Amino acid sequence: MENKYTISEIAKMFNITTNKVRFYEKKGLLEPLRNENNDYRTFTKQDIIKLQSILLYRSIGIPIKDIKNILNNSRKENCLTYFNDQWKLVNNEIDKLNIIRKSLESILDELYEETKEYKIDSKVLNIINESNELYNIKNNWQDKWNFNNWAKAYDRDIIEDKGTLKIYKNYSLILQNVYDTVKSFHIINPNILEIGVGTGNLASKFLNDSCSIIGIDQSREMLTVAKEKHPNLKVRIGEFLRIPYYNKCFDVIISTYAFHHLNTEEKSIAIEEMFRVLKDNGIIVISDLMFKSIKDEEDILRNLSIGQVEEIRDEYYSYIDFLISEFKKYNKKLQYKRIDKFNYIISVF
Ligand SMILES: C[S@@+](CC[C@H](N)C(=O)[O-])C[C@H]1O[C@@H](n2cnc3c(N)ncnc32)[C@H](O)[C@@H]1O
């Protein structure tokens, strides 16, 4: 006969209170049987396994309602939704705490240098203001292009290249060029991060080469398509402004057709983020829509239709000159190559 346990026994087993067990029951996570004679709860081995899972999921912060869904539907796609949500939440929290720690570090430096008694000092308030601003910029970035909606049609659309600017006409050539540029640095067993991996077309070149590569993207649907096409590709939800990885863990960072979804201010933050996760001797290779300079942009735009100009204004093309000065802040050199009217490849080393 199957072993049965009382509420006190299972509470003791997991070192929790009986109230906690009742709470999970009230929330619909546990459904113990009732003893026919005295109506006391009785728990089976299955309930014990379930409770263990509930406690473990809670220990990594999964909300009660999500645990209920996971327990009711253990299909991979369903579980991925909840664990991806938690991954995003945890990484956002880590990023937020890092910003706060950085500002506290600066505040403490200020205070230890103070000779007089502390009074609310504008320097300290400025530091807090700056870090709040940084947090707000990171938090306010939104996918106004709706890449989730585009994911399934993306590969077909780039082949058809319907837009009037024909930005995808050299797509294959560009991806190949990025791959060749990375290879030209002869880095042994590089750990590669691709940001804005999309459907995985560039990453697959490195996968075929047995490289270790992780693709991050803010769009879950893009990652689903990438994973369907390339089951061996490691993908994660992640953003330019909050790269969900540790400091100095990548040798190479690559990105194509993605950087122009950040405005100038966001680009500076993204560059700082890239250097945070890049090893000291690491390289960055980005291909994207760019102009050499503001003057170059004016010359090009003069010859375009209103519709084409609007198409460009819907995004944030970079200026090579701006990028050179940004990367200089990190003592890095930038080389660029123009592929066509709008597409450049930059390598930073
Ligand atoms: C035009 S697609 C390019 C996809 C792929 N890199 C390629 O070359 O085919 C842009 C991709 O960048 C992603 N993306 C845009 N802004 C991003 C951000 N701030 N952080 C991470 N990914 C972003 C989008 O979700 C989308 O998958």
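All ligand and atom numbering here is 1-based and tracks the order in the structure. By convention here, the first residue in the shown sequence is residue 1. Not measured: the values here are computed from a predicted model.
- Listed by chain and residue number, the protein contacts of ligand 1 are Trp141, Phe147, Tyr154, Tyr168, Tyr171, Glu194, Gly196, Val197, Gly198, Asp217, Gln218, Ser219, Met222, Gly238, Glu239, Phe240, Thr256, Tyr257, Ala258, His261, Leu262 (heavy atom within 4.0 angstrom).
- Taking the side chain as every heavy atom from C-beta outward, Asp157 and Trp150 approach each other to under 4.5 Å.
- A search for ring-ring contact (aromatic ring centres under 6.0 Å, His included) contacts involving Tyr82 returns nothing, not counting sequence neighbours.
- Between Tyr171 and Tyr168, the ring centre distance stays below 6.0 Å.
- Applying the 6.0 Å contact sphere to NZ of Lys88 captures no more than 12 heavy atoms from other residues, nucleotides or ligands.
- Residues Glu326 and Ser268 have side chains that bring a donor and an acceptor to within less than 3.5 angstrom of each other.
- Enclosure of atom CD in Glu9 by more than 12 non-hydrogen atoms of other residues, nucleotides or ligands within 6.0 angstrom is indicated.
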